[in-house]
There are 2 protein chains.
Amino acid sequence: MASDTVRDRILAAGQRITPQRDLVAGVLEQAGRPLSAAELYEAVGRSGRGVGRATVFRTLQSLEDAGIVQHVVLPGNQAAYLLCQVAGHHHHLVCRQCGAADDLAEDEVAPFLAALEGGHRFQVDHANFAVYGTCARCTGDRASTTS
Amino acid sequence: MASDTVRDRILAAGQRITPQRDLVAGVLEQAGRPLSAAELYEAVGRSGRGVGRATVFRTLQSLEDAGIVQHVVLPGNQAAYLLCQVAGHHHHLVCRQCGAADDLAEDEVAPFLAALEGGHRFQVDHANFAVYGTCARCTGDRASTTS
DNA sequence: GCCCGTAGTGATACTTAGTATCACTTAAGG
DNA sequence: CCTTAAGTGATACTAAGTATCACTACGGGC
């Protein structure tokens, strides 16, 4: 099940607590890494009563609207959904080894965007970053290098 | 039809010149903005002899492998394909007004990624940026502001 | 210039992610 | 409690992309 803080955030967004949302959020919380909609559907089916497929998508949508969940596009164009600590729009560092996703604060990104605006005479409106690599825990096992 | 430089780049990637590739590349070149697979399929159907749907996707795949095309995910999770001047992996500034996409050189991005690596003890491997906003030409007509 | 192997093509069928619909259920405010 | 609007599940659907397979044609070698 989802932690109380997640429930609070659902309520704060003006949405109802339902067993389905609780389950979906709970599975995401326990996973601690981005899950595809299919994985989620399956996981939710195993643990507890199960949730309709349509509801899984609706729930993800609601939670995303509420700023509790965000989705990233993994390499290979796979969408994956991910419980976020930080509310509001932000970005992620995704570890390809263990799948963990680290939140990226807006103020880490803002200076970069500002620089782009200057360099390109372009007014930035919205940005989506997906940064992949290897997290501190997984470094040491392997070393990868690409652009 | 595609310009000679595009043909050269197809050859350079060890791929054959076919009327279909020529058409697809040509349409993308003329559009000068990212097109969805569906738009492309339709446009190719109008201009000239037409190309099978499967072939449109395969062609985009080949051209992407060859570094001639890249795809971006537009807001709303719409994939769009885009002819790139710059070869190799790079990023784009996409104008939401006119759809134009500006190439973003790797060395504009590298320092930012390096900073992230330091700040998060994370070894960056691959990154995908989608930056949306308003280009210089379109600024003046409207002013937008969001994260 | 022609021949041949291999890369590429088109039609079609399929898969997978996500959306729409609609009758039914249930959370939660009074 | 009771009401009602939000949420749910089943199902059908769409849209993007992939697989298959017989057929075609590019282009290197002669």
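In what follows, every chain begins at residue 1, and chains take the letters A, B, ... in the order their sequences are listed. The model shown is predicted, which means the values in this text are computed figures rather than measured ones.
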Below 4.5 Å, heavy atoms only, C-beta onward: do B:Leu63 and B:Arg9 meet side chain to side chain?
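Counting from C-beta outward, B:Leu63 and B:Arg9 never come under 4.5 Å.
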A:Gln70 versus A:His90: any side-chain heavy-atom pair under 4.5 Å?
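Yes, at least one pair of side-chain atoms sits under 4.5 Å.
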Could you check whether any side-chain N or O of B:Gln15 sits under 3.5 Å from a backbone N or O of B:Ala66, counting only pairs where one atom can act as donor and the other as acceptor?
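Side chain of B:Gln15 to backbone of B:Ala66: no pair is present.
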Starting at [atom1] of [X] and ending at [atom2] of [N], how long is that distance when rounded to a whole Å?
{"X": "B:Leu63", "N": "C:dG8", "atom1": "CG", "atom2": "C1'", "result": "13 Å"}
{"X": "B:Glu39", "N": "D:dG17", "atom1": "CD", "atom2": "P", "result": "12 Å"}
{"X": "B:Arg53", "N": "C:dC14", "atom1": "CZ", "atom2": "C1'", "result": "11 Å"}
{"X": "B:Leu35", "N": "D:dG17", "atom1": "CG", "atom2": "P", "result": "13 Å"}
{"X": "B:Ile10", "N": "C:dA7", "atom1": "CD1", "atom2": "P", "result": "17 Å"}
{"X": "A:Leu11", "N": "C:dA28", "atom1": "CG", "atom2": "P", "result": "7 Å"}
{"X": "A:Leu74", "N": "C:dT16", "atom1": "CG", "atom2": "C1'", "result": "15 Å"}
{"X": "B:Leu60", "N": "D:dG17", "atom1": "CG", "atom2": "P", "result": "9 Å"}

Roughly how bent is the helix from C:dG1-D:dC30 to C:dG30-D:dC1 end to end, in steps of 10 degrees, with each end axis from five pairs?
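For the helix from C:dG1-D:dC30 to C:dG30-D:dC1, the axes at either end differ by 40°.
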So, OP1 or OP2 of [N]: does either fall under 4.0 Å of a side-chain N or O from [X]?
{"X": "B:Tyr41", "N": "D:dA15", "result": "no"}
{"X": "A:Arg21", "N": "D:dG7", "result": "yes"}
{"X": "A:Gln20", "N": "D:dG9", "result": "yes"}
{"X": "B:Thr18", "N": "C:dT9", "result": "yes"}

Is the B:His71 ring parallel, tilted or perpendicular to the B:Tyr81 ring (thresholds 30°, 60°)?
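B:His71 vs B:Tyr81 ring planes: tilted.
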When only distance counts, do a donor and an acceptor, one from the side chain of A:Arg58 and one from the base of C:dG18, lie under 3.5 Å apart?
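Result: no qualifying N/O pair found.
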Looking only at heavy atoms, which two atoms of [X] and [Y] are closest? And how far apart?
{"X": "B:Ala25", "Y": "B:Leu83", "answer": "O-CD2, 4.2 Å"}
{"X": "B:Arg96", "Y": "B:Pro75", "answer": "NH2-CG, 3.5 Å"}
{"X": "A:Ala127", "Y": "A:His89", "answer": "O-NE2, 2.8 Å"}

If you only use heavy atoms from C-beta on, which nucleotide in [options] is closest to the side chain of [X]?
{"X": "A:Gln78", "options": "C:dA17, D:dA25, C:dT12", "value": "C:dA17"}
{"X": "A:Arg16", "options": "C:dA27, C:dA11, D:dT8", "value": "C:dA27"}
{"X": "B:Phe57", "options": "D:dA16, C:dG18, C:dG10", "value": "D:dA16"}
{"X": "B:Val51", "options": "D:dA16, C:dG10, C:dT9", "value": "C:dG10"}

Say whether B:His92 and B:Asp103, considering side chains only, have a donor N or O and an acceptor N or O under 3.5 Å apart.
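Note: B:His92 and B:Asp103 side chains meet the donor-acceptor criterion.
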Would you mind classifying the nucleic acid contact of B:Ala37 as base, sugar-phosphate or nothing, using non-hydrogen atoms under 4.0 angstrom?
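Result for B:Ala37 = sugar-phosphate.
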Residue closer to the 5' end of DNA chain C, A:Ala54 versus A:Ser36 (nearest nucleotide)
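Whichever sits nearer the 5' end wins; that is A:Ser36.
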